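Notes follow once the structure below has been shown.
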Amino acid sequence: MPRPTAAQLAYGSCTVIFSTLAMLLLSQTSSGLGIAVIALAALALGLLVALTVPVPKPAPAAVVTRPTAPEVRVPVQRETASVAAGAESTGT
């Protein structure tokens with residue numbers, strides 16, 4: 001599992017803090033259960049935001065090109081090793 005980036009941590013933390021404050025102020029709840037529900041909702045929202053922050057892609061690896069060997073041309077008709085050896089033994 002990859003580690004979260006600094007941007008993911010920052011966005012997730014800010015989302016949790018600001019959404020908790022906003023929901024507490026808007027709901028005007030004072031019960032413990034209401035505060036717990038709001039806190040859990042804010043944590044879920046912060047996690048969702050942190051996971052959807054685009055992660056920078058790693059830089060592509062530099063492509064190393066090696067110089068290629070010059071093209072070797074093979075003659076169309078060439079003697080095989082056995083024919084060349086047989087010609088030398090019979091010709092001498």
Side-chain angles (χ1 to χ4, degrees):
M1 185 171 154
R3 294 184 180 188
T5 62
Q8 287 174 317
L9 291 174
Y11 284 130
S13 299
C14 288
T15 301
V16 169
I17 292 168
F18 291 129
S19 63
T20 303
L21 287 175
M23 285 189 280
L24 285 173
L25 290 174
L26 290 174
S27 69
Q28 296 179 352
T29 186
S30 58
S31 68
L33 182 63
I35 293 172
V37 168
I38 288 174
L40 287 175
L43 284 174
L45 186 62
L47 182 62
L48 179 70
V49 167
L51 291 178
T52 57
V53 171
V55 179
K57 295 181 182 177
V63 178
V64 178
T65 57
R66 295 182 181 175
T68 57
E71 189 175 318
V72 177
R73 298 196 178 262
V74 179
V76 176
Q77 292 181 337
R78 62 179 184 174
E79 298 177 359
T80 59
S82 61
V83 172
E88 289 178 7
S89 63
T90 58
T92 356

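Quantities reported herein were computed from a predicted structural model and do not represent experimental measurements. Numbering starts at 1 and runs along the sequence shown.
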- [ ] Specify the closest pair of heavy atoms between G34 and T29, including all atoms of both residues, with the distance to one decimal.
- [x] CA-OG1, 3.9 Å
TODO: Over all heavy atoms of both residues, which pair between R3 and Q8 is shortest? Give the atoms and the distance, please.
DONE: O-OE1, 4.4 Å
- [ ] Using modelled atom types only, decide if a donor and an acceptor are shared between the side chain of S13 and the backbone of A10 within a distance under 3.5 Å.
- [x] no
Task: Closest approach of A7 to V53 (non-hydrogen atoms, all atoms of both residues) - done: CB-CG1, 4.5 Å
Open item on the list: Once rounded to the nearest 0.5 Å, what's the spacing between atom CG of L25 and atom CD of Q28?
Closed with: 8.0 Å
Task: Side-chain heavy atoms of L43 within contact of L47, under 4.5 Å - done: no
- [ ] For the residue pair L45 and V16, establish whether any side-chain heavy-atom pair is separated by less than 4.5 Å.
- [x] no
Open item on the list: Could you report the tightest heavy-atom contact between G12 and A50, atom names first, then the distance?
Closed with: CA-CB, 4.1 Å
- [ ] Compare every heavy atom of L24 with every heavy atom of I35, then report the nearest pair and how far apart it is.
- [x] CG1-CD2, 4.0 Å
